[in-house]
Amino acid sequence: MVAACLLSRGKTQQQCSNGFEMDRTSGQCLDVDECRTIVEACRGDMVCVNQNGGYLCIPRTNPVYRSPYLNPYSNAYPPPPPAPAPAPNYPAAARAPVICRFGYQMSEGNQCVDVDECASESHQCNPTQICINTEGGYTCSCTEGYWLLEGQCLDIDECRYGYCQQLCANVPGSYSCTCNPGFILNEDGRSCQDVNECTTNNPCVQNCVNTYGSFLCRCDPGYELEADGISCTDVNECDVGNHTCTLQQTCFNVQGGFKCLDPIRCEEPYILISENHCMCPAENPGCRDQPFTILYRDMDVSGRTVPSDIFQMQATSRYPGAYYIFQIKSGNEGREFYMRQTGPISATLVMTRPLKGPRDILLDLEMITVNTVINFRGSSVIRLRIYVSQYPF
């Protein structure tokens, strides 16, 4: 405490602040010991402790202070000692006992330092609370995710306050956000972002359309969506009558569309013996080096994996001493097919390479008949038209 001085007309008039009085001998402001001068300055179970410029009333059980003037058998202070002789002019603070305020304690360096009630476990916080040390005291608080209510730390239900954009699960002291199917959680841990299923993991067999939180599958023309919502099935336009073929043409269904086949016209010297069968008469000299018959067939191989058996050819009759040779006579310049003999009178056409459409392929599959008994060699041809759709499904 610093004494106040007032200046008046060229001379100094000294006046002491409250809690101090003027010592006429030394001319200094000395502390007033209110514990000695005020009757019953502190009442009840409180003890008076003098301070510079004032006094404190502290509990008698406070271990920080033990009054040198306290009589353990009486609440009264002893009479003051005789007035001291004039003493050297020491600062007033040096004459008063050093008392630390509540929440502080005397250090080895004779300084008042803060008492860490949290570290010393001398606090009164509830077990559900956490202790936070402050200067001269402490506060009881709650950890993150809890709030203080009537002295207890209760969990905050963040889900009630819309912390999550979509799905929220409350857990003690925290919460967890998740997203609906079709969404992923953003880095903020709260908001959700749409997943583009068409680019990440396209589930559709043909076309995929992304929607908010989901996706839709669409089929190419000539296909219809199946019940699973993912796969596409070819529409048989020939069966449902959804084609443009004339009455003279034959509608042939292919993957994603149809073909209008014109009537078979046999080339000279062949003659038509049925709807798709041409024969070269033996009595016609022009048929000597030609296949005896040409049978026309059509097929669609769209979506076939490789290798794949796609067509079978066999003799309709067998003669004593005869054997048969099967081969691809023409149309296999890309070496995408080969004939595999599967028995004495049969063979299978195998597709060995994937075919990219749209494309039409015409293969002549030849069966050569050799009879050594009668010295005969002749052949028959199946003219196979293969259609490849533009869609690889």
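With values rounded to the nearest 0.5 angstrom, T178 atom OG1 is found 11.5 Å from Q165 atom CD. R385 contributes atom CZ, which lies 13.5 Å from atom CG of D300 (distance to the nearest 0.5 angstrom). Atoms CD1 and OG, on I156 and S174 in that order, are 10.5 Å from each other to the nearest 0.5 Å. Between I130 atom CD1 and T143 atom OG1 the span is 6.0 Å, to the nearest 0.5 Å. Distance check, rounded to the nearest 0.5 Å: CD of Q166 to OG of S191 gives 9.5 Å. We find the SG-CD distance between C217 and E197 to be 10.0 Å, quoted to the nearest 0.5 Å.
What you find for N210 and V195 is that their closest heavy atoms are OD1-O, 3.3 Å. For E158 against N170, the heavy-atom pair with the smallest separation is OE1-OD1, 2.9 Å. In terms of heavy-atom proximity, R218 sits nearest to Q206 at O-CB, 3.7 Å. In terms of heavy-atom proximity, Y175 sits nearest to C168 at CB-SG, 4.3 Å. S346 and Q314 make their closest contact through CB-CB, 3.6 Å (heavy atoms, listed as atom of the first residue, atom of the second, distance). Closest approach of L295 and R297 over heavy atoms only: CD2-NH2, 3.7 Å.
Side-chain contact between C153 and W147 is absent, with no heavy-atom pair separated by less than 4.5 Å. Between Y270 and I294 the shortest side-chain heavy-atom distance falls below 4.5 Å. Contact of the H277 side chain with the I264 side chain is not registered, since no non-hydrogen atoms from C-beta on lie closer than 4.5 Å. Between V32 and T37 the shortest side-chain heavy-atom distance falls below 4.5 Å. Side-chain atoms of M367 and L365, non-hydrogen and from C-beta on, never get closer than 4.5 Å to each other. Residues L167 and C177 are not in side-chain contact: their nearest non-hydrogen atoms beyond the backbone lie 4.5 Å or more apart. Counting only heavy atoms from C-beta outward, the side chains of V306 and R353 never approach each other to under 4.5 Å. Side-chain contact between F337 and I361: present, with at least one pair of heavy atoms (C-beta onward) separated by less than 4.5 Å.
Under a 3.5 Å cut-off, the side chain of S214 and the backbone N or O of T211 do not form any donor-acceptor pair. Listed for the D220 side chain is no donor-acceptor partner under 3.5 Å among the backbone atoms of Y223. Here the side chain of D364 pairs no donor or acceptor atom with the backbone of R383 at under 3.5 angstrom. At distances below 3.5 Å, not a single donor-acceptor pair connects side-chain atoms of Q193 with backbone N or O atoms of I184. Distance alone, capped at 3.5 Å, is enough to place a donor-acceptor pair between the D155 side chain and the G173 backbone. Panel note: side chain D114, backbone Y104; no donor-acceptor pair is recorded below 3.5 Å. The backbone N or O of Q129 lies less than 3.5 Å from no partner atom in the side chain of N126, so there is not a single donor-acceptor pair. In this structure, the side chain of E226 does not engage the main chain of D228 through any donor-acceptor pair within 3.5 Å. The main-chain N or O of E336 is found under 3.5 Å from a side-chain atom of T352 such that the two form a donor-acceptor pair. Of the possible donor and acceptor atoms, one in the side chain of Y138 sits under 3.5 Å from a partner among the backbone N and O of Q124.
Seen from the ring of Y163, R190 counts as a face-on cation partner, given the 6.0 Å and 45° thresholds.
For the cysteines C278 and C266, the sulfur (SG) atoms lie within a distance shorter than 2.5 angstrom of each other. Taken together, the cysteine pair C232 and C219 places its SG atoms within less than 2.5 Å of each other. Disulfide status for C251 with C238: present, SG atoms under 2.5 Å apart. Cysteines C140 and C125 are disulfide-linked, with SG atoms closer than 2.5 angstrom.
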Problem set entry | Trace of the side chain to side chain contact (heavy atoms under 4.5 Å, CB included) decision for Q105 with C100 | CA-CA 6 Å; Q105 63 185 3; C100 295; 5.8 Å; no

Exercise. Please walk me through it: do M339 and T348 pass side chain to side chain contact (heavy atoms under 4.5 Å, CB included)?
Worked result: CA-CA 6 Å; M339 292 293 290; T348 299; over 6 Å; no

For this session: Step by step, work out the salt bridge (charged side-chain N to carboxylate O under 4.0 Å, His left out) result for K259 and D360.
Result: CA-CA 11 Å; K259 296 283 185 179; D360 294 350; 3.4 Å; yes

For this session: Mind running side chain to side chain contact (heavy atoms under 4.5 Å, CB included) on L148 and Q152 for me, showing each step along the way?
Result: CA-CA 6 Å; L148 189 63; Q152 297 290 329; 5.9 Å; no

For this session: Decide disulfide (SG to SG under 2.5 Å) for C260 and C245; before the verdict, give the C-alpha distance in whole Å, the side-chain angles of both, and the deciding distance to 0.1 Å.
Result: CA-CA 5 Å; C260 293; C245 299; 2.0 Å; yes

For this session: Take C198 and C204 through the test disulfide (SG to SG under 2.5 Å) and record every step on the way to the result.
Result: CA-CA 8 Å; C198 299; C204 300; 5.8 Å; no

Problem set entry | Worked verdict on T293 versus V381 for side chain to side chain contact (heavy atoms under 4.5 Å, CB included) | CA-CA 6 Å; T293 60; V381 168; over 6 Å; no

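Side-chain heavy atoms closer than 4.5 Å link hydrophobic residues (I, L, V, M, F, W, Y) into clusters, and following such links, possibly through other members, connects L349 to I345. Residues Y296 and F326 fall into different hydrophobic clusters, defined by Ile, Leu, Val, Met, Phe, Trp and Tyr side chains chained together at heavy-atom separations under 4.5 Å. Transitive grouping of hydrophobic side chains (ILVMFWY, heavy atoms separated by less than 4.5 Å) keeps I325 and V350 in distinct clusters. Cluster membership check: L384 does not share its hydrophobic cluster with F252, using side-chain heavy-atom separations under 4.5 Å among Ile, Leu, Val, Met, Phe, Trp and Tyr. At a threshold of 4.5 Å between side-chain heavy atoms, the hydrophobic network of Ile, Leu, Val, Met, Phe, Trp and Tyr places L261 and V254 in one connected group.
A donor-acceptor pair shorter than 3.5 Å cannot be found between the side chains of N253 and D239.
M279 forms part of a hydrophobic cluster together with I271, I273, F292, judged by ILVMFWY side-chain heavy-atom separations under 4.5 Å.
Taking S122 as the reference, S120 meet the side chain to side chain donor-acceptor pair (under 3.5 Å) condition, with sequence neighbours excluded.
Atom CD of Q312 has more than 12 heavy atoms from other residues, nucleotides or ligands within 6.0 Å. Summarising the local packing, CD of E224 is surrounded by more than 12 heavy atoms from other residues, nucleotides or ligands at distances under 6.0 Å. Residue D289 places its CG atom among 12 or fewer non-hydrogen atoms of other residues, nucleotides or ligands, all under 6.0 Å distant.
The aromatic ring centres of Y319 and F376 sit 6.0 Å or more apart.
Under the 30°/60° scheme for interplanar angles, the aromatic rings of Y212 and F183 are found to stand perpendicular.
In this structure, D309 pairs ionically with R340, as a charged nitrogen and a carboxylate oxygen lie closer than 4.0 Å.
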